[in-house]
Amino acid sequence: MTADETAVRETGQDFIRDIVQDDLQSGRHTGVVTRFPPEPNGYLHIGHAKSICLNFGIAKEFGGRCHLRFDDTNPTKEEQEYIDAIQRDVQWLGFDWGKHLYHASDYFETLYGWAEHLIKAGKAYVDDQSQEEMRASRGTLTEPGRNSPFRERSVEENLDLLRRMRAGEFPNGARVLRAKIDMSSGNINLRDPVLYRILHATHPRTGTQWKIYPSYDYAHGQSDAIEHITHSICTLEFEDHRPLYDWFIENLPVPSRPHQYEFARLNMTHTVLSKRVLNGLVTGGHVAGWDDPRMPTIAGLRRRGVPPEAIRDFIKRIGVAKANSVVDAAMFDFSVREALNKTALRRMAVLRPLKVVIENYPEGQVEELDAANHPEDAGAGSRKIKFGREIYVERDDFMENPPKKFYRLSPGKEVRLRYAYFITCREVIKNATGEVVELRCTYDPATRGGNAPDGRKVQATIHWVSAAHAVESEVRLYNPLFANPSPDAGNFAAELSPTSLEVIGDARLEPALAESNASDGVQFERLGYFCRDADSKPGRPVFNRTVGLRDTWAKVSAGGKG
RNA sequence: UGGGGAAUAGUUCAACGGUAGAACAGCGGACUCUGACUCCGUUAAUCUAGGUUCGAAUCCUAGUUCCCCAGCCA
């Protein structure tokens, strides 16, 4: 290998980019054209994001282009709603197909013409066998299939039959057009695959114009060729379709010679990335819709507050290879936190309020304190927060009988109220059942703003909101849909986690949060990243937890090592 | 008993015959007006057995394990 080649190699990040690079370098292609080819039969999910980032990413990196092409060859499953949602999601992810929006249905006439071409070449025939007969004669994984009794029809008869199929003369399932390849092939895809089936259905784009529809295998590669796709990138399960892909390309007068490459699809712990299951979750009412924030759909992640750059970063981190794998969901959370940490403004919110009365603070007095919007970014500015005699703190930030490593509030202990004062817990008030309902504390006026002139330190800083000014809010805490890291997709309903959604009805927010209208993520200090949900009503905002902050204390306390 | 693929730290990827490296997770520490962030340190891997070679994760042979394929779905 020359030094020059070594230098080039270093920019390759995965085996597909290596192939693209080699093809460009060797002159096999002068430019790169890829495509993202969704079937509009469901919403896009994080697994599709991998393919989207790969296809659009490669096009961008190598100065080529990427088409968005709907693989709309099965009108019984496809809907306009999905077509619209897919475009919205790809755009939101940050990719632009420009004017290159296509549909396999754009090529129906050309594909049909090529079907007649195959018949005339003696390479396709109309089969009258029933579905059951075809299955029976296809053979098994270990036994070869048998030729159809209709395999040797004349060109004239085949042409006539195909034309009558197109004209709608036959009912669904009566006949199919098959390629004449090899019924004894070890590769079942080559045992005379179906090219066209009769489907009396309404297509979102072509309406009732067509009575026959091409199969995936017959449509996909030819669509690639028509669009001059150079690298047709798909997932592993299509690996043994490649010989068929190539067979069509070699036997048809196509305008270009695309090549198919396969990579391993994404799998993640605690979720299921299968359109069938996701569809089942929606139609079965297990979730609130395709954009339920617990869903791994792009729409769901967006509603949960995940920024598109976090998804792109995650996809970049997991890489591309041919080995099946399951990515730890913690890796996704990391990308989300990393993206949000940079941009999310800091705010204070108390999820589970515990009232605190500051006994030595003048009754009726209110003052304004400065709070940074982003401690690591002075450019984000600051805001005023109101402080008064009665405040709320987080119930989790108080323990009557704390273990040794509990730094927060407990009887006699002094802590800092973020951006405000040091307070010391003097008294614990309980109700009849023994539940702590209020804390009586004192504050040190000299610590205004959060620093003690005498230099004394406190172990903890806790968040708070002014009771008189706080806005009551609903906060939705999301946890994985499946507690099981590898749920059984075949039995997904039984696998659903009962704690995937926890709704808090009486959270208290600092007023600045009620004013926020944008969907930008905010950090509730010490709690996590949240975003305002569209269900918000005037005076009663609703927030979704996008992801919690890393919580070392939770780990320590859960381990009983306190 | 068919065809097509894949095996490297707990996880996901690198290493393209020449020192097995990163990220996430874990563990320990520093810093801190977020038990966050950041920083530092650290645990931890080539499926097995042969062979070729000065040298093998990489090449060869034989195994093992896992995944995909028998839709008129994609």
Side-chain angles (χ1 to χ4, degrees), chain A residues 1 5-6 9 12-15 18 37-39 41 71 73-74 76-77 127 130-131 134-135 138-145 172-178 184-191 193-199 212-213 215-217 219-220 234-243 262 264 266 269 275-276 317-328 330-335 337-338 341-342 346 348 371-372 375-376 405-408 416-420 422 449-451 457-463 523-528 548-557:
Chain A
M1 184 186 290
E5 280 169 320
T6 305
R9 273 268 156 71
Q13 292 168 47
D14 56 65
F15 77 98
D18 284 348
E39 183 192 12
N41 68 343
D71 231 325
T73 57
N74 185 354
T76 65
K77 292 187 176 175
D127 196 340
S130 68
Q131 207 159 155
M134 270 187 62
R135 189 186 311 126
R138 185 157 27 231
T140 68
L141 294 179
T142 54
E143 299 158 9
N172 287 355
R175 292 184 162 85
V176 291
L177 181 71
R178 301 177 76 178
S184 65
S185 172
N187 183 343
I188 291 174
N189 296 118
L190 263 20
R191 318 239 264 228
V194 170
L195 274 51
Y196 274 95
R197 73 280 211 195
I198 298 168
L199 248 31
I212 57 173
Y213 289 89
S215 62
Y216 163 85
D217 285 306
H220 201 96
C234 63
T235 43
L236 250 30
E237 66 269 28
F238 293 103
E239 214 153 10
D240 46 18
H241 289 241
R242 189 173 355 116
E262 311 86 14
L266 171 68
T269 59
K275 274 195 199 172
R276 184 188 63 78
R317 282 171 186 278
I318 59 173
V320 180
K322 292 196 72 161
N324 290 311
S325 60
V326 184
V327 176
D328 190 337
M331 217 182 279
F332 181 70
D333 290 346
F334 177 86
S335 289
R337 290 193 191 102
E338 180 158 86
N341 178 46
K342 288 180 199 147
R346 271 55 170 173
M348 289 201 284
E376 292 167 22
K405 287 194 176 166
F406 186 81
Y407 303 156
R408 286 109 92 151
R416 174 189 293 113
L417 293 176
R418 184 126 162 107
Y419 298 124
F422 286 10
N451 288 300
K457 301 288 182 193
V458 286
Q459 265 188 308
T461 299
I462 66 175
H463 59 277
Q523 185 194 97
F524 288 2
E525 293 214 44
R526 303 207 310 128
L527 296 174
L549 254 28
R550 235 181 113 239
D551 190 348
T552 309
W553 165 245
K555 236 177 280 178
V556 172
S557 58

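The structure displayed is predicted, hence computed values, not measured ones. We use all heavy atoms of the structure for the numbers below, so side chains are in, but hydrogens, waters and symmetry mates are not. To find a chain, count down the sequence lines: A is the first, B the second, and so on, and within it residues start at 1.
In this structure A:Glu39 satisfies the salt bridge (Lys or Arg N to Asp or Glu O under 4.0 Å) test with no other residue, sequence neighbours excluded. For A:Arg191, there are no salt bridge (Lys or Arg N to Asp or Glu O under 4.0 Å) partners two or more places apart in sequence or in a different chain. In this structure A:Arg317 satisfies the salt bridge (Lys or Arg N to Asp or Glu O under 4.0 Å) test together with A:Asp313, A:Glu338, sequence neighbours excluded. Every side-chain contact (heavy atoms from CB on, under 4.5 Å) that A:Leu266 has, sequence neighbours left out, goes to A:Ile46, A:Lys50, A:Met268, A:Leu273, A:Phe314, A:Ile318, A:Val327. In this structure, the salt bridge (Lys or Arg N to Asp or Glu O under 4.0 Å) partners of A:Arg408, at least two apart in sequence or on a different chain, are A:Asp397. Partners of A:Thr269 by side-chain contact (heavy atoms from CB on, under 4.5 Å), not counting sequence neighbours, listed by chain and number: A:Val326, A:Asp328, A:Ala329, A:Pro485. Applying the side-chain hydrogen bond (donor to acceptor under 3.5 Å, both in side chains) test to A:Asn187 and every residue at least two apart in sequence or in another chain returns nothing.
Here the side chain of A:Arg408 is nearest to one of B:C68, B:G35, B:C73, namely B:G35.
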Dot-bracket notation for RNA chain B, counting Watson-Crick and G-U pairs under 3.5 Å, with | for partners on another strand = .((((((..((((....[..)))).(((((.......)))))....(((((..]....))))))))))).....
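Contact annotation for A:Arg135: backbone-only contact, meaning every heavy-atom pair under 4.0 Å involves sugar-phosphate atoms and none involves a base.
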Reading 5' to 3' through nucleotides 4-11 of chain B, protein heavy-atom contacts under 4.0 Å coded B for base, S for sugar-phosphate only, - for none | SSS----B
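Judged by distance alone with a 3.5 Å cut-off, no donor-acceptor contact links the side chain of A:His463 to the base of B:A36.
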